[in-house]
Engineer: 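Dropping a structure here in structure tokens format, bear with me for questions.
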Protein chains: 2
Amino acid sequence: MVAMTTAARKTTNPETGRDRILREAAELFLTRGYAETSLRTIADAVDMQPASIYHHFESKDALLTEILEIGMEAVTTAFAAAAAELPPNASAPDRLHAHVAAHLEALFSHHAFTAAHVTVFPFAPAEVRAATVPKRDAYEANWTALLSAIAPGLDDDGVSIARLALFGAMNSTVQWFDPANGSTSDLAAAIVGPLWNGLANS
Amino acid sequence: MVAMTTAARKTTNPETGRDRILREAAELFLTRGYAETSLRTIADAVDMQPASIYHHFESKDALLTEILEIGMEAVTTAFAAAAAELPPNASAPDRLHAHVAAHLEALFSHHAFTAAHVTVFPFAPAEVRAATVPKRDAYEANWTALLSAIAPGLDDDGVSIARLALFGAMNSTVQWFDPANGSTSDLAAAIVGPLWNGLANS
DNA sequence: GACACTACCGAACGATCGTTAGGTTGGCAA
DNA sequence: TTGCCAACCTAACGATCGTTCGGTAGTGTC
């Protein structure tokens with residue numbers, strides 16, 4: 001009886017125990033918060049005992065660190081892929097749209113992992129944040145370069161504010177946009193359009 | 001010696017015990033998170049014993065509920081005040097700027113109370129969120145009305161997306177803008193300018 | 001000068017937390 | 001067939017959590 005559950009899980013779910021923990025934990029952290037989610041809750045979600053999680057992860061903090069790293073890798077990869085797919089002579093608004101769409105697509109396809117950066121990261125333990133900060137900085141640098149290239153009229157402060165405001169706008173979508181109601185590309189267009197041309201022309 | 005501390009606090013700090021708890025708790029919730037902040041930490045910050053907090057508040061949840069209500073009242077009042085101060089024939093971008101500036105000013109002057117809505121609210125206990133939702137909805141309705149008035153070219157979905165993206169942009173400022181580096185009115189101009197005229201013209 | 005009341009304190013409660021120690025099992029390698 | 005190892009288990013640890021109970025010191029009232 002005890003033996004059956006393991007075998008049954010193996011056949012019905014190809015996801016390994018480790019990946020399942022990562023995914024379920026990411027979703028729980030996202031919806032309930034890090035401190036609000038106990039290891040016993042995570043264990044319940046993956047049909048395990050709390051102690052079993054320690055076979056795969058060193059600690060609860062290490063679990064969160066890995067989740068945040070997966071999320072940051074997803075958006076970083078998406079940014080690079082969008083840049084690679086753009087024609088060399090793409091217009092400024094096209095480039096902006098492509099990268100916004102890529103960010104949003106990553107945000108919703110690796111939803112829990114990337115969205116965790118928006119809501120979980122600020123309250124993560126200091127050591128966890130410190131471990132993830134370099135990768136976050138690198139990703140932000142991509143956007144700083146993009147925005148100064150396509151809006152040469154902005155000075156450094158203007159670029160910073162534009163980037164941060166755009167991040168704020170994009171990342172807040174995880175709290176209100178439902179992918180069932182439209183593509184992330186359309187959502188990107190709905191954000192980039194007014195932003196590029198101005199509300200004055202909408 | 002024990003008696004002195006009470007007298008000394010009374011004279012050096014005009015803030016009552018209750019208000020002090022509210023303010024310190026709001027700041028701690030904001031910087032550390034709700035679940036991450038224990039009542040013992042709050043008690044330490046106000047030089048009290050944990051049990052004493054229960055003389056002023058029914059529970060930790062009730063304390064957070066009151067903090068969120070103070071914050072929502074601040075932005076609601078600021079919105080109404082901005083509307084009242086505007087000349088009847090103010091231009092659309094002027095109206096937008098005035099309300100963005102009012103929101104940002106409230107965000108930073110009642111910093112911890114209003115900012116708590118951005119970062120603490122999503123993970124607050126369900127009962128706490130339910131108690132605050134009506135006032136949040138009412139505030140959002142103000143913005144929906146404003147945006148549809150000044151950007152008549154947008155349909156309902158467009159207004160919603162514009163409002164949510166603008167909220168995302170404004171509220172994210174609590175995580176990166178330092179009021180020491182400039183006025184909230186300038187910050188509002190830096191956000192509204194590109195948004196209204198478009199990045200294309202920046 | 002007795003009384004009530006506000007504002008606090010000291011000590012403790014049961015519950016829950018992250019974590020650890022020490023098994024057990026099922027499948028693969030030799 | 002034996003031995004090994006990854007993947008789990010049961011049980012419990014000490015720490016910390018929100019909360020409660022029963023006080024006490026100071027202040028104003030009659």
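By convention in this document, chain letters (A, B, ...) are assigned in the order of the sequence lines, proteins followed by strands, and residues within each chain are numbered from 1. Everything quoted here is computed from the prediction, not taken from an experiment.
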Engineer: Compute the centroid of each ring, for Phe177(A) and then for Phe108(A), and state whether the two points are separated by less than 6.0 Å.
Structural biologist: yes

Engineer: Please give, in whole Å, the distance from dA7(C) C1' to Arg18(B) CZ?
Structural biologist: 13 Å

Engineer: Does dT6(C) have OP1 or OP2 under 4.0 Å away from a side-chain N or O of His56(B)?
Structural biologist: no

Engineer: Mind calculating the distance between CG (Asp19(A)) and C1' (dA7(D)) to the nearest angstrom?
Structural biologist: 15 Å

Engineer: Using whole Å, report how far CD1 of Ile42(A) lies from P of dT19(C).
Structural biologist: 11 Å

Engineer: Enumerate the protein-to-nucleotides 16-19 of chain D contacts in which both atoms are nitrogen or oxygen and the separation is below 3.5 Å.
Structural biologist:
unit_1, atom_1, unit_2, atom_2, d
dG18(D), OP1, Lys60(B), NZ, 2.7
dG18(D), OP2, Leu39(B), N, 2.9
dG18(D), N7, Arg40(B), NH1, 2.9
dG18(D), O6, Arg40(B), NH2, 2.9
dT19(D), OP2, Tyr54(B), OH, 2.5
dT19(D), OP2, Lys60(B), N, 2.9
dT19(D), O5', Tyr54(B), OH, 2.9

Engineer: If only side-chain N and O atoms of His55(B) are considered, is one of them under 4.0 Å from the OP1 or OP2 phosphate oxygen of dA7(C)?
Structural biologist: yes

Engineer: Considering only NZ, NE, NH1 and NH2 on the basic side and carboxylate oxygens on the acidic side, decide whether Arg18(A) and Glu66(A) come within less than 4.0 Å.
Structural biologist: yes

Engineer: Write down the distance between CD1 (Ile21(B)) and P (dA7(C)), rounded to a whole number of angstrom.
Structural biologist: 10 Å

Engineer: Expressed in angstrom and rounded to an integer, what is the separation of Asp44(A) atom CG from dG18(C) atom P?
Structural biologist: 12 Å

Engineer: Nearest-Å distance, CD1 (Ile53(B)) to C1' (dC9(C))?
Structural biologist: 13 Å

Engineer: Assess the side chains of Tyr139(B) and His103(B): does a donor N or O sit below 3.5 Å from an acceptor N or O?
Structural biologist: yes

Engineer: Around Arg129(A), counting heavy atoms of other residues, nucleotides and ligands shown, do more than 12 lie under 6.0 Å from its CZ?
Structural biologist: yes

Engineer: Are Arg23(B) and Phe113(B) in a cation-pi contact, defined as NZ or CZ under 6.0 Å from the six-membered ring centre and within 45° of the axis?
Structural biologist: no

Engineer: May I ask you to evaluate whether Gln49(B) reaches the phosphate of dG10(C), defined as a side-chain N or O under 4.0 Å from OP1 or OP2?
Structural biologist: yes

Engineer: Distance under 6.0 Å and angle within 45° of the ring axis: does Lys60(B) meet both against Tyr34(B)?
Structural biologist: yes

